[in-house]
A.B. asks: 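Handing you a structure now.
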Amino acid sequence: MPAWALAIAYWLHMAATIVWIGGLFFQAAILAPAIARGLPVGSRAGLLLAIRRRFEPLAWLSLAVLAFTGMTQMAANPHYVGFLQIHDTWSAAILAKHALIVIMVCAAAFQTWVVQPQLDRTVILDARRASPGDGLERLLRRQARLSTLNLTLGLIVLALTAVARSA
């Protein structure tokens with residue numbers, strides 16, 4: 001692979017990491033705590049919905065870029081000797097990193113295609129009721145926990161990347 005192509009892959013990989021992990025950090029460490037007590041439950045759900053609609057396409061695009069550029073980088077790395085060939089610290093760190101990324105993608109998919117539609121339905125139903133139920137609060141807590149889980153796993157992935165780079 002030409003050096004210029006590998007440099008572009010590294011740059012795109014870092015940019016996608018910033019978008020994905022940065023967005024998770026914003027949601028888990030800044031947004032959720034800031035609005036947890038400052039807004040009524042329905043307003044919180046609406047704000048989170050608006051932010052998620054803006055962030056989710058960027059997050060999924062970032063994941064696609066990360067997958068493509070990560071495979072490109074791995075194939076060019078002299079430590080890579082084959083699929084599931086665990087022979088040194090680099091390969092063990094990369095395997096652990098990819099296992100955590102699979103968990104992160106599953107959590108993000110659950111958030112996108114299960115929790116978010118439940119939130120949307122609950123907001124609509126609660127708007128029609130005289131006294132909203134507590135389901136919305138429960139779903140907002142689930143959403144916050146999933147964001148925190150994904151952020152934590154993302155930070156561990158970054159640590160594993162550092163281990164692999166130093167090997």
A.B. asks: In sequence, state the C-alpha distance, the side-chain angles, and the governing distance for Ser147 and Gln111, and then conclude on side chain to side chain donor-acceptor pair (under 3.5 Å).
C.D. replies: CA-CA 9 Å; Ser147 291; Gln111 239 177 328; 3.1 Å; yes
A.B. asks: To the nearest 0.5 angstrom, please state how far the CD atom of Glu56 sits from the OG1 atom of Thr112.
C.D. replies: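 So the CD of Glu56 and the OG1 of Thr112 are separated by 3.5 Å.
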A.B. asks: Between Ile51 and Phe25, is there shared hydrophobic-cluster membership here, with clusters defined by ILVMFWY side-chain heavy atoms closer than 4.5 Å?
C.D. replies: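 Ile51 clusters together with Phe25.
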A.B. asks: Suppose we screen for side-chain hydrogen bond (donor to acceptor under 3.5 Å, both in side chains). Which residues come up paired with Ser91, at least two apart in sequence or across chains?
C.D. replies: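 side-chain hydrogen bond (donor to acceptor under 3.5 Å, both in side chains) check on Ser91 returns Asp88.
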A.B. asks: Do Leu119 and Leu48 have side-chain heavy atoms sitting under 4.5 Å apart?
C.D. replies: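 A side-chain contact is absent here, since even the closest heavy-atom pair is not under 4.5 Å.
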A.B. asks: Do Tyr80 and Met71 make a side-chain contact, defined as non-hydrogen atoms from C-beta onward lying under 4.5 Å apart?
C.D. replies: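 In short, these two side chains do not touch, never coming nearer than 4.5 Å.
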A.B. asks: Ignoring hydrogens, what is the shortest heavy-atom contact between Gln73 and Leu6? Give both atom names and the distance.
C.D. replies: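 Looking at all heavy atoms of both residues, the shortest contact is CA-CD1, 4.2 Å.
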A.B. asks: According to ring pair (Phe, Tyr, Trp, His ring centres under 6.0 Å), does anything in residues 47-78 pair up with another residue at least two apart or in another chain? List the pairs.
C.D. replies: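 Non-adjacent pairs meeting ring pair (Phe, Tyr, Trp, His ring centres under 6.0 Å): Trp60-Trp113.
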A.B. asks: Could you tell me if the side chain of Leu139 sits less than 4.5 Å from the side chain of Gln143, heavy atoms only?
C.D. replies: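 Answer no - side chains too far apart.
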A.B. asks: Hydrophobic cluster membership, with links at side-chain heavy-atom distances under 4.5 Å among I/L/V/M/F/W/Y: are Ile101 and Leu155 in one?
C.D. replies: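 In one cluster: yes.
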A.B. asks: Sorted by first residue and then second, give each side chain to side chain donor-acceptor pair (under 3.5 Å) pair with at least one member in residues 150-167; sequence neighbours left out.
C.D. replies: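 Passing the test, one end in residues 150-167: Lys97-Thr161.
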A.B. asks: Starting at CG of Leu153, measure out to CD1 of Ile21 and round the result to the nearest 0.5 Å.
C.D. replies: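 So the CG of Leu153 and the CD1 of Ile21 are separated by 9.0 Å.
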A.B. asks: Closest approach of Ala32 and Ala144, non-hydrogen atoms and distance?
C.D. replies: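 Scanning both residues completely, I find the closest heavy atoms to be CB-CB, 4.3 Å.
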A.B. asks: Please name the pair of heavy atoms, one in Ala107 and one in Leu149, separated by the smallest distance, quoted to 0.1 Å.
C.D. replies: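 Taking every non-hydrogen atom into account, CB-CD2, 4.4 Å.
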A.B. asks: Are side-chain heavy atoms of Leu151 and Gln27 found at a separation under 4.5 Å?
C.D. replies: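 Side chain of Leu151 against side chain of Gln27, heavy atoms only: no contact under 4.5 Å found.
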A.B. asks: Side chains of Trp90 and Val163: does their closest heavy-atom pair fall under 4.5 Å?
C.D. replies: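 Heavy-atom side-chain distance check fails, nothing below 4.5 Å.
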A.B. asks: Once you round to the nearest 0.5 Å, how far does CZ of Arg54 lie from CG of Leu49?
C.D. replies: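 Reported value, rounded in 0.5 Å steps: 13.5 Å.
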A.B. asks: Work out which heavy atom in Thr89 is nearest to a heavy atom in Ala167; give both atom names and the distance.
C.D. replies: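 That would be CB-CB, 4.0 Å.
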A.B. asks: May I ask you to test the Arg53-Gln116 pair for a side-chain heavy-atom distance under 4.5 Å?
C.D. replies: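 No, too far: nothing below the 4.5 Å cut-off.
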A.B. asks: Where is the tightest heavy-atom contact between Leu66 and Ala16, given as atom of each residue plus distance?
C.D. replies: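 Minimum heavy-atom separation between Leu66 and Ala16: CG-CB, 3.7 Å.
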A.B. asks: Do any N or O atoms from the side chain of His98 and from the backbone of Ile94 form a donor-acceptor pair under 3.5 angstrom?
C.D. replies: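 Pair found, side chain donor or acceptor close to backbone of Ile94.
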A.B. asks: With hydrophobic residues grouped by side-chain heavy-atom distances under 4.5 Å, do Phe26 and Leu63 end up in a single group?
C.D. replies: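 Phe26 and Leu63: one cluster.
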A.B. asks: Report yes or no: do Ile30 and Leu47 belong to one cluster of Ile/Leu/Val/Met/Phe/Trp/Tyr joined by side chain heavy-atom distances under 4.5 Å?
C.D. replies: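 Linked within one cluster.
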A.B. asks: Nearest 0.5 Å, please: how far is OG1 in Thr69 from CE in Met74?
C.D. replies: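 Here the interatomic distance stands at 11.5 Å.
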A.B. asks: Look up atom CZ in Arg141 and atom OG1 in Thr148, then write down how far apart they are to the nearest 0.5 Å.
C.D. replies: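 With rounding to 0.5 Å, CZ (Arg141) is 13.5 Å from OG1 (Thr148).
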A.B. asks: Within the 4.5 Å heavy-atom criterion, are Leu158 and Thr17 side-chain neighbours or not?
C.D. replies: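 Of all side-chain heavy-atom pairs linking Thr17 with Leu158, at least one is under 4.5 Å.
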A.B. asks: Please check if Phe110 and Val105 belong to a single hydrophobic cluster, counting links between Ile, Leu, Val, Met, Phe, Trp and Tyr side chain heavy atoms closer than 4.5 Å.
C.D. replies: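 Shared cluster, yes.
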